[in-house]
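For reference, the structure is listed below as structure tokens.
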Amino acid sequence: YRNSGSVVKVAKDEYDKFWDGVQNYGNRTNYDKVFNYWGGVEYISPKHTIAPTSKTTFLFSRCFDLKGIDGSKFDFSGLPEDYTEYNGTIYAMFNECHSITQIPDLKIPPTLSYAYFCANCKNLVTVDILRVSKNSKFDGTFLGCKALKNLTIEGQIGQNFYLSSSSQLTHDSLMSIINALY
């Protein structure tokens with residue numbers, strides 16, 4: 001294409017076609033494992049808001065090249081808060097996303113399990129907010145998160161909460177954690 005306007009139109013048409021297919025024109029509510037193992041993708045900004053209403057495990061897991069996501073395009077507030085399966089609704093959501101540096105607020109409600117939520121995200125610096133309840137479990141949540149500095153906790157931590165890999169936490173992050181202890 002020689003006309004740059006045509007290239008933009010083709011790119012937008014392909015973007016629309018791709019995301020409308022993945023998201024069923026914005027009607028999809030089950031996103032379990034949808035982006036798992038996506039290779040070569042550095043940034044995810046879907047056309048429609050992703051608003052799952054059921055289990056959403058391994059959502060971005062092992063997207064090794066993923067550097068970020070458009071947080072304004074994700075709304076997990078419709079997930080069940082009392083999901084009783086051990087792995088929970090968001091098991092290993094960002095597990096092994098080696099290149100991601102920030103996890104924006106995805107509006108995740110307090111959940112029973114943050115198991116391996118962002119385990120082995122070795123370049124993760126910031127988790128904007130983690131909503132918890134006194135019953136939330138944290139098996140391997142921050143395992144291998146050596147660059148983690150910024151973490152905001154909302155709610156009460158009533159279970160074992162391990163941060164042994166994260167020795168660079170800021171004072172504000174440590175105070176957020178301490179103030180959330182039940």
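Within the structure, the ring pair (Phe, Tyr, Trp, His ring centres under 6.0 Å) test picks out the following pairs touching residues 151-182 (sequence neighbours left out): Phe138-Phe161, Phe142-Phe161. Sorted by first and then second residue, the pairs that involve residues 53-79 and meet ring pair (Phe, Tyr, Trp, His ring centres under 6.0 Å), not counting sequence neighbours, are Phe35-Phe60, Phe58-Tyr91, Phe60-Phe74, Phe60-Phe94, Phe64-His98. Screening residues 143-162 for salt bridge (charged side-chain N to carboxylate O under 4.0 Å, His left out) gives Arg131-Glu154 as the qualifying pairs, with residues at least two apart or on separate chains. Residue pairs meeting the salt bridge (charged side-chain N to carboxylate O under 4.0 Å, His left out) criterion with at least one member in residues 172-182: none, sequence neighbours excluded.
Residues Thr57 and Lys33 are in side-chain contact: their nearest non-hydrogen atoms beyond the backbone lie under 4.5 Å apart. When side chains are defined from C-beta on, Met93 counts as touching Ile108, because their heavy atoms get closer than 4.5 Å. With contacts defined as side-chain heavy-atom distances shorter than 4.5 Å, the pair Thr126/Thr101 does not qualify. No side-chain heavy atom of Val132 sits less than 4.5 Å from a side-chain heavy atom of Thr111. By the 4.5 Å heavy-atom criterion applied to side chains, Pro104 and Ile69 are counted as neighbours.
Scanning all heavy atoms of the two residues, the minimum distance from Cys145 to Asn120 falls at SG-N, 4.5 Å. Here the closest non-hydrogen pair linking Ala92 and Ser61 is O-CB, 3.4 Å.
For the atom pair CD1 of Ile178 and CD1 of Ile153, the computed distance is 12.0 Å after rounding to the nearest 0.5 Å. Note that CG of Asp65 is 12.0 Å distant from CD1 of Ile100, once rounded to the nearest 0.5 Å. Going from atom SG of Cys97 over to atom CG of Leu124 covers 9.5 Å, rounded to the nearest 0.5 Å. Rounding to the nearest 0.5 angstrom, the gap separating the CG atom in Asp139 from the OG1 atom in Thr141 is 7.0 Å. Taking OH of Tyr116 as the reference point, atom CD1 of Ile90 lies at 14.5 Å (rounded to 0.5 Å). Going from atom CD1 of Ile129 over to atom CG of Leu151 covers 9.5 Å, rounded to the nearest 0.5 Å.
Asn30 places a side-chain N or O within 3.5 Å of a backbone atom of Asp32 that can act as its donor or acceptor partner. Panel note: side chain Ser165, backbone Gly144; a donor-acceptor pair is recorded below 3.5 Å. A donor-acceptor pair is defined here as one N or O able to donate and one able to accept, closer than 3.5 Å; such a pair exists between the side chain of Asp105 and the backbone of Lys107. Between the side chain of Thr56 and the main chain of Ser54, a donor-acceptor pair closer than 3.5 Å is present. Side chain of Gln102 to main chain of Val127: no donor-acceptor pair is present (N/O by atom type, distance under 3.5 Å, no hydrogens or angles). Between the side chain of Ser166 and the backbone N or O of Leu148 there is no donor-acceptor pair closer than 3.5 Å. Side-chain N or O atoms of Ser99 include none that pairs as donor or acceptor with a backbone N or O of Lys67 at under 3.5 Å.
When only modelled atom types and interatomic distance are considered, Ser133 and Asn135 share no side-chain donor-acceptor pair under 3.5 Å. Between the side chains of Ser176 and Ser173, no donor-acceptor pair of N or O atoms lies under 3.5 Å.
Following chains of ILVMFWY side-chain contacts shorter than 4.5 Å, one cannot reach Val125 starting from Leu66, and the two form parts of different hydrophobic clusters. When the side chains of ILVMFWY residues are joined at heavy-atom separations under 4.5 Å, either directly or via intervening members, Tyr25 and Tyr15 end up in two distinct hydrophobic clusters. Both Ile103 and Ile177 belong to a single network of hydrophobic side chains, linked directly or stepwise wherever heavy atoms of I, L, V, M, F, W or Y lie under 4.5 Å apart.
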What pairs of donor and acceptor atoms, side-chain ones from residues 45-53 against any protein atom, are under 3.5 angstrom apart with sequence neighbours left out?
{"unit_1": "Ser45", "atom_1": "OG", "unit_2": "Asp70", "atom_2": "OD2", "d": "3.1"}
{"unit_1": "Lys47", "atom_1": "NZ", "unit_2": "Asp20", "atom_2": "OD1", "d": "3.1"}
{"unit_1": "Lys47", "atom_1": "NZ", "unit_2": "Asp20", "atom_2": "OD2", "d": "3.1"}
{"unit_1": "His48", "atom_1": "NE2", "unit_2": "Asp20", "atom_2": "OD1", "d": "2.7"}

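Partners of Arg62 according to the salt bridge (Lys or Arg N to Asp or Glu O under 4.0 Å) rule, which considers only residues two or more places apart in sequence or in another chain, are Glu96.
At a threshold of 4.0 Å, the pair Asp13-Lys17 does not count as salt-bridged, since none of the basic side-chain nitrogens sits closer than that to a carboxylate oxygen.
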